[in-house]
Amino acid sequence: MKNVPGGHNLFVQDKEVATLIENLYSKLKLMLLKKDDTKTSSLMSHLRKIDEHLERKDTRFLTGDTMCCFDCELMPRLQHIRVAGKYFVDFEIPAEFKSLWRYMYHMYQLDAFTQSCPADQDIINHYKLQQNVKMKKHEELETPTFTTSIPVNVDIN
């Protein structure tokens with residue numbers, strides 16, 4: 001991997017970042033399942049910590065200006081939070097988390113993410129299946145959509 005551009009950073013070890021991103025997915029699932037303010041607040045608090053970390057680091061990605069293994073874990077989770085959170089409980093990542101949005105913007109610029117990212121409908125269907133709710137036929141036939149926008153007031157530099 002050292003011969004691949006940026007490959008030296010893919011398997012970086014960073015205990016702080018590992019701790020920071022763990023349990024994020026479980027907090028999303030609890031919010032979707034319980035649908036109460038406590039679970040939403042818990043997820044918001046976790047996202048705020050990630051935003052603060054990114055602000056302190058002032059880099060494009062979690063550990064530097066090249067992607068690492070932690071980015072490959074975090075960004076899909078953020079995408080699920082955006083899509084499933086909005087669909088099931090009308091949750092949106094606050095625009096005030098500017099460093100988090102800047103991070104997501106940089107991830108959306110990468111073919112590695114955009115080409116492997118499931119369609120919004122697939123993410124929604126995943127959670128519907130977990131809740132034993134079937135998709136309707138017209139949903140299965142819809143043209144896939146991909147949420148990759150960021151709030152207009154976020155400075156991407």
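Computed from a prediction, not measured in an experiment: that's the story for all the values here.
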Holding to side chain to side chain contact (heavy atoms under 4.5 Å, CB included), I want the full list of residues that pass it with Asp58, two or more places apart in sequence or in another chain. Arg102

Do the side chains of Leu110 and Phe61 get nearer than 4.5 Å, heavy atoms only? yes

Taking all non-hydrogen atoms of both residues into account, name the closest pair between Leu74 and Leu62 and its distance. CD2-CD1, 3.7 Å

Those residues at least two apart in sequence (or on a different chain) that pass side-chain hydrogen bond (donor to acceptor under 3.5 Å, both in side chains) with Lys98 are none

Whether the Asp120 and Tyr87 side chains hold a donor-acceptor pair (N or O, under 3.5 Å, no angle test) is what I'd like checked. no

Starting from Phe146, can I reach Val83 by hopping between I/L/V/M/F/W/Y residues whose side chains sit under 4.5 Å apart? no

Give me the atom names and distance for the closest heavy-atom approach of Lys27 to Leu43. CB-CD1, 4.1 Å

If every non-hydrogen atom of Ser149 is compared with every non-hydrogen atom of Arg82, which pair is closest and at what distance? O-NH1, 2.7 Å

By side chain to side chain contact (heavy atoms under 4.5 Å, CB included), which residues pair with Ile156, not counting sequence neighbours? Tyr105, Ile150

Can a donor-acceptor pair be found, under 3.5 Å and without considering hydrogens, that links the side chain of Gln121 to the backbone of Thr143? yes

Qualifying residues under side-chain hydrogen bond (donor to acceptor under 3.5 Å, both in side chains), relative to Asp51, sequence neighbours excluded: none

So which pairs with a foot in residues 106-130 pass ring-ring contact (aromatic ring centres under 6.0 Å, His included), sequence neighbours left out? His80-Tyr127, Tyr108-Phe113

One thing to verify: whether Glu16 and Lys57 come together as a salt bridge, which I'm taking to mean a side-chain N less than 4.0 angstrom from a carboxylate O. no

Got a donor-acceptor contact below 3.5 angstrom from the Ser42 side chain to the Thr38 backbone? no

How about CG on Asp37, more than 12 heavy atoms from neighbouring residues, nucleotides or ligands closer than 6.0 Å, or not? no

By salt bridge (Lys or Arg N to Asp or Glu O under 4.0 Å) - contacts of Glu96 (at least two apart): Arg48

Using the salt bridge (Lys or Arg N to Asp or Glu O under 4.0 Å) criterion, which residues pair with Lys86? Sequence neighbours excluded. Asp90, Glu92

Please list, chain by chain and in numerical order, all residues satisfying side-chain hydrogen bond (donor to acceptor under 3.5 Å, both in side chains) with Thr114, sequence neighbours excluded. none

Straight-line distance of Leu28 CG to Thr40 OG1, nearest 0.5 Å: 10.0 Å

Salt bridge (Lys or Arg N to Asp or Glu O under 4.0 Å) partners of Glu73, counting only residues at least two apart: Arg77

Provide the closest heavy-atom pair for Pro76 versus Asp71 in the form atom of the first, atom of the second, distance. CD-O, 4.0 Å

Ignoring hydrogens and angles, tell me if any N or O in the side chain of Asp65 forms a donor-acceptor pair with the backbone of Arg60 under 3.5 Å. yes

With sequence neighbours excluded, what pairs up with Glu22 under the side chain to side chain contact (heavy atoms under 4.5 Å, CB included) test? Thr19

Salt bridge (Lys or Arg N to Asp or Glu O under 4.0 Å) partners of Asp155, counting only residues at least two apart: none

Those residues at least two apart in sequence (or on a different chain) that pass side chain to side chain contact (heavy atoms under 4.5 Å, CB included) with Lys39 are Leu30, Met31, Lys34, Asp36

